[in-house]
Amino acid sequence: METSIEGAVADTGGSAAPVDPPVAAAPPTTAATTAAPTAAAATVTAVAERAAGADPAAAPRRVAAPPVSLSPSRAGDFMQCPLLYRFRVIDKLPEKPTEAATRGTLVHAVLERLFDAPAAERTAPRAKALVPGQWDRLRESRPEVVELFADDPEGERLARWLGEAEQLVERWFTLEDPSRLEPAERELFVEAELDSGLRLRGIIDRVDVAPTGEVRIVDYKTGKAPRPEYSEGALFQMKFYALVVWRLKKVVPRRLQLVYLGSGDVLTYDPVLADLERVERKLLALWEAIRLATETGDWRPRPTKLCGWCDHQAHCPEFGGTPPPYPLPVRAAGPGSAAQGRMGRD
């Protein structure tokens, strides 16, 4: 594709170029094995599962079984700490909801639902007005989030938290103009199987398609944009999605876009086929390391500054804990088995 999304779409907003170019509605360009949720409750549930670190189609606390697919969050878990991956995917240890992750879930649901309204009605006041209702739906679908404010009988902390969610939603309007967007897909669950048999899956926040067929993948982040030296790590998830889209439709997305509501930044990247091929090779190496760790039961912790936020310190040897008994059969580790403890982001 030789033209950009911006060049493919006429500017209807005057001479000044908008932050976000208008993108016309078009038939979906990504094939999904499961349709994107349409009911608000289903949406909140799917997004909440992602925020909690679950695979999109995974049910909580299932009987232990070897992993069969890889999502961006699970790949990130293994690269961060192989033992964390084990705790979440193999042992399925419960994790407490956090205010930050739950706020992200809430904001994602609001931004998705706003596009149900006609373009002219997609205003900041309307979006903010969606927050209370989506919070109610989230509490219905994920009752455990109520525990976040169990010690807040007067509701002051909850009111402040909801206000912060409203601020994030309002900031979005300074970064994109939803009245000029008609997403082809929202909260789209996608899944593709590589030639190796590795199954990749994930949920894409938004897919925009220009009249010329060029695809833009958009992801909302409720935190702050990373420093430039860490931008490659932030783009890993987006390149993962681009790889899935390419494998499904043989179309390289024209643009990958991360919208950081916490800091008001927009990070964009225009991938080429070589980028996606590199990501695929990285994922195959990652999956081989996961397979080896699964078969040998050799899941090693990797201490980082993120350990302070981990729910599983009581089970982690780095904190004097003991992992639960390994629930899968194991074989003796062979030469090279230590490699799984050194997987990095590059």
Side-chain angles (χ1 to χ4, degrees), residues 5 9 12-13 18-30 32 35-51 56 100-142 145 161-189 203-210 215-223 241 255 257-268:
I5 291 180
V9 185
T12 60
V19 172
D20 202 313
V23 179
T29 63
T30 56
T38 54
T43 296
V44 169
T45 300
V47 181
E49 288 174 352
R50 175 190 57 197
T102 306
R103 183 169 51 241
T105 299
L106 175 60
V107 170
H108 274 78
V110 169
L111 298 187
E112 182 192 3
R113 292 273 65 83
L114 182 65
F115 283 104
D116 290 341
E121 298 178 19
R122 298 172 195 159
T123 64
R126 183 185 182 98
K128 291 167 63 176
L130 291 173
V131 170
Q134 291 304 312
W135 171 234
D136 290 341
R137 291 180 181 275
L138 179 55
R139 288 186 300 170
E140 293 172 3
S141 61
R142 295 288 299 271
V145 302
W161 181 83
L162 289 172
E164 292 168 350
E166 291 178 355
Q167 291 173 6
L168 292 172
V169 168
E170 190 170 31
R171 182 171 291 151
W172 177 55
F173 286 81
T174 69
L175 305 174
E176 297 189 288
D177 182 358
S179 69
R180 301 178 64 189
L181 294 169
E182 291 297 341
E185 298 287 356
R186 293 171 275 156
E187 294 299 327
L188 177 68
F189 172 63
I203 296 177
I204 301 175
D205 287 348
R206 199 179 83 217
V207 179
D208 299 333
V209 182
V215 177
R216 176 173 56 190
I217 297 176
V218 181
D219 192 76
Y220 309 120
K221 300 295 185 185
T222 50
Y241 292 145
R255 174 152 293 178
Q257 181 165 304
L258 285 159
V259 181
Y260 287 94
L261 305 177
S263 57
D265 294 300
V266 177
L267 175 64
T268 62

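The shortest non-hydrogen separation linking Val169 to Ala127 is CG1-CB, 3.4 Å. Contact between Leu106 and Trp135 at its shortest, heavy atoms only, is CD1-N, 3.5 Å. Closest approach of Ala165 to Val107, counting heavy atoms only: O-CG2, 3.9 Å. The two atoms that bring Pro183 and Asp208 nearest to each other are CA-OD1, 3.7 Å, heavy atoms only.
Residues passing the salt bridge (charged side-chain N to carboxylate O under 4.0 Å, His left out) test with Glu164 are Arg103, sequence neighbours excluded. Remark: Gln167 engages no residue in a side-chain hydrogen bond (donor to acceptor under 3.5 Å, both in side chains) (not counting sequence neighbours). Looking at residues two or more places apart in sequence or on another chain, you find no salt bridge (charged side-chain N to carboxylate O under 4.0 Å, His left out) involving Arg171. Considering only residues two or more places apart in sequence or on other chains, Asp136 meets the salt bridge (charged side-chain N to carboxylate O under 4.0 Å, His left out) condition with Arg139. Every residue two or more places apart in sequence or in another chain was checked for a side-chain hydrogen bond (donor to acceptor under 3.5 Å, both in side chains) with Lys128, and none qualifies. When the side-chain hydrogen bond (donor to acceptor under 3.5 Å, both in side chains) test is applied to Thr123, no partner is found at least two apart in sequence or on another chain.
Using a 4.5 Å cut-off on side-chain heavy atoms (C-beta onward), Leu168 and Val110 make no contact. Taking 4.5 Å as the limit, every side-chain heavy atom of Thr222 sits out of range of all side-chain heavy atoms of Trp172. Side-chain atoms of Leu175 and Leu261, non-hydrogen and from C-beta on, do get closer than 4.5 Å to each other.
Between the CD1 atom in Ile204 and the CZ atom in Phe189 there is a gap of 10.5 Å [rounded to 0.5 Å]. If you take CG on Leu111 and CZ on Arg206, they are separated by 9.0 Å, rounding to the nearest 0.5 Å. To the nearest 0.5 Å, atoms OG1 (Thr268) and CZ (Arg255) are separated by 4.5 Å. Summarising the geometry, atom OG belonging to Ser141 is positioned 9.5 Å from atom CD belonging to Gln134; distances are rounded to the nearest 0.5 Å. Distance check, rounded to the nearest 0.5 Å: OH of Tyr241 to CD1 of Ile217 gives 9.0 Å.
A distance-only check finds no donor-acceptor pair linking the side chain of His108 to the backbone of Asp205 [under 3.5 Å]. A donor-acceptor pair is defined here as one N or O able to donate and one able to accept, closer than 3.5 Å; such a pair exists between the side chain of Arg186 and the backbone of Glu112. Thr105 places a side-chain N or O within donor-acceptor distance of the main-chain N or O of Ala101, the cut-off being under 3.5 Å.
Here Arg122 pairs with Glu182 in a salt bridge; the nearest charged N to carboxylate O distance falls below 4.0 Å.
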I'd like to know whether Gln257 forms a side-chain contact (heavy atoms from CB on, under 4.5 Å) with Glu176, so could you lay out the CA-CA distance, the side-chain angles of the two residues, the decisive distance to 0.1 Å, and finally the verdict. CA-CA 11 Å; Gln257 181 165 304; Glu176 297 189 288; 3.1 Å; yes
